[in-house]
Amino acid sequence: MISKFIDNKYDMKTFDLKISDGTVANATETFHADIGIKDGLITAIGKNLGKAKKVINADGKLVLPGGIEAHCHIEQESSSGIMTADDYYSGSVSAAFGGNTCLIPFAAQHRGQKLQNVLDVYHHRARPKSVIDYSFHLIISDPTDEVINIELPAIIDQGVTSFKVYMTYDKLIVNDSQMLKIMTAAKKLGALTMVHAENNAMINWMSEKLLNSSYKAPKYHALSHPRAAESEAINRAITLSTFIDTPILIVHVSTESGARIIAKARYDGHKVFGETCPQYMFLNAKNMDLPEMDGAQFCCSPPLRDKASQKEIWRCLQNGTFQVYSSDHAPYRFDETGKLHAGKKPTFTKIANGLPGIETRLPLLFSEGYLKKRITLNHFVALAATNVSKIYGLDHRKGSITEGKDADIAIWNPKLKKVITADDLHDNMEFTPYEGMEITGWPEIIIQRGNVVIEDNILKAARGDGEFIHRKKIDCTGMPGRVAPELNSKHNFDVKFKF
Ligand code: DUC
Ligand code: ZN
Ligand code: ZN
């Protein structure tokens with residue numbers, strides 16, 4: 001029962017922790033209250049709550065749900081065998097300093113691998129190291145019958161209820177028939193298919209043309225992944241998923257044309273979600289026009305676009321086309337372990353793809369989105385945590401400041417100004433694409449299940465304090481979807497398809 005504003009109700013109880021006098025915000029409301037925490041849970045929200053073993057005074061601060069980072073690559077081997085620079089310790093510490101209390105990185109299947117072995121490896125990597133809670137999305141690159149019909153259901157039963165597929169990259173790509181097979185399984189099992197949507201043939205065609213004319217520098221990576229490659233693939237992925245009426249989430253959308261396809265599908269009632277990332281809002285391809293190999297630091301896929309695209313992506317975040325805002329933290333250092341793994345001067349096709357950003361995701365949005373009045377504080381919270389908790393089946397535990405939920409809280413100082421610099425960040429990278437940006441508003445105190453993770457700029461949590469969170473199946477209640485007439489026995493001569 002909500003006890004907000006009920007005075008003295010909790011006088012007789014002693015909380016483990018009380019956060020007093022803060023301005024609390026959820027995705028739907030903002031109010032002034034104290035929060036009482038006991039046994040890792042939020043047990044009271046109100047005034048004059050009574051005693052606590054520890055009290056944090058949040059006067060003048062914003063008390064928000066801990067962020068949930070739903071797209072990041074941590075201690076993951078790429079398909080070319082390069083390991084990301086962050087393991088579950090540095091990745092989770094950096095996430096926590098950026099206002100997060102939960103992560104959902106990828107557990108990547110490479111061809112020939114059994115899903116259970118893949119998941120076990122990632123549990124083994126995360127369990128002893130993560131300082132905050134975590135789940136995983138699978139990456140499926142080898143959808144054999146065995147994988148889809150036998151291995152995948154077992155993984156979903158273990159609370160890993162989403163997976164990513166790629167429409168590009170030679171060692172990851174799944175074709176349309178495989179997509180249909182995977183999506184049909186997702187429909188049956190209550191899982192969510194996440195899609196990296198770029199047309200592989202268009203990328204290869206452009207890359208060949210550029211290289212044949214000796215355009216090899218990092219900045220040409222941006223040209224080699226045309227906007228139309230993204231929109232074509234988004235259209236195809238959504239067409240396949242809506243044909244069989246199964247939920248789909250298009251990750252890291254960088255184009256207006258792609259966003260429009262998502263918006264139209266949502267307007268039509270389909271179970272379609274969209275995600276974008278800070279790099280498409282704060283950076284553009286001009287950042288790549290640097291001497292020598294320096295532009296490699298900005299190579300990511302889909303690539304950075306232009307200023308006009310930035311504006312459109314902001315608009316689509318504001319208007320709800322994108323429900324998810326993630327960092328896509330893919331940390332590859334600017335050396336032979338990462339960006340330059342294929343030599344000192346590789347062509348743009350051989351540069352590791354991805355940008356770091358797990359610690360800057362929320363401060364960037366807070367400063368440039370909320371404080372500059374592009375979005376409300378409640379929308380900030382929705383994008384930081386609540387939407388992800390609902391879409392990915394975490395809302396029984398996380399995503400809002402509500403009695404009964406995990407006491408995962410980030411206390412923000414809305415007045416603190418700091419210039420972003422790689423030296424101050426806690427990931428294992430030596431650069432940040434946001435170097436030199438002045439940001440107002442930073443998280444100062446991070447609390448996970450009632451325990452202080454960060455206070456006074458000091459990490460208080462230990463390796464392994466984070467726990468694996470079993471996620472629920474995907475709930476698309478309220479998204480009507482449509483069964484294709486050919487699959488609907490009322491319209492198809494009574495053919496009954498067995499999925
Ligand atoms: N896709 C991602 O999701 N991250 C990094 C690179 C990529 O292709
Ligand atoms: Zn991707
Ligand atoms: Zn990614």
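Each ligand, and each atom within it, is numbered from 1 in the order the structure gives.
- Counting only heavy atoms from C-beta outward, the side chains of Glu69 and Leu103 approach each other to under 4.5 Å.
- Inter-residue side-chain proximity for Glu275 and Leu249 is flagged as met; some heavy-atom pair is nearer than 4.5 Å.
- Close approach to Tyr169 involves these atoms of ligand 1, each under 4.0 Å from a residue heavy atom: 6 (C), 7 (C), 8 (O).
- Take the Zn ion (ligand 2) and draw a sphere of radius 2.8 Å; the protein N/O/S atoms inside it number 3.
- Ring geometry for Phe468 versus His123: interplanar angle over 60°, hence perpendicular rather than tilted (30 to 60°).
- When side chains are defined from C-beta on, Arg125 does not count as touching Asp87, because their heavy atoms never get closer than 4.5 Å.
- With respect to the salt-bridge test (charged N to carboxylate O, under 4.0 angstrom), the residues Arg315 and Glu312 qualify.
- Close contacts between ligand 1 and His73 involve ligand atoms 2 (C), 3 (O), 4 (N) [criterion: under 4.0 Å to a heavy atom].
- Two residues are said to be in side-chain contact when any heavy atoms from C-beta on lie closer than 4.5 Å; Pro363 and Trp412 meet this criterion.
- Nearest protein heavy-atom neighbour of atom 3 (O) of ligand 1: Lys164 NZ, 2.5 Å.
- Legend: residues meeting side chain to side chain donor-acceptor pair (under 3.5 Å) with Lys472, ordered by chain and number and at least two apart, are Asp395.
- Taken to the nearest 0.5 Å, the CZ atom of Phe431 stands 10.0 Å off from the CG atom of Asp294.
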query: Could you go step by step and tell me if His221 and Ile351 meet the side chain to side chain contact (heavy atoms under 4.5 Å, CB included) rule?
result: CA-CA 9 Å; His221 171 81; Ile351 294 168; over 6 Å; no
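- Within His73, the N, O or S atom at minimum distance from the Zn ion (ligand 3) carries the name NE2.
- Counting atoms of ligand 1 from 1 in the listed order, those under 4.0 Å from a heavy atom of His196 are 1 (N), 7 (C), 8 (O).
- The closest heavy-atom contact to atom 4 (N) of ligand 1, among the options Asn353, Asp328, Ile139, comes from Asp328.
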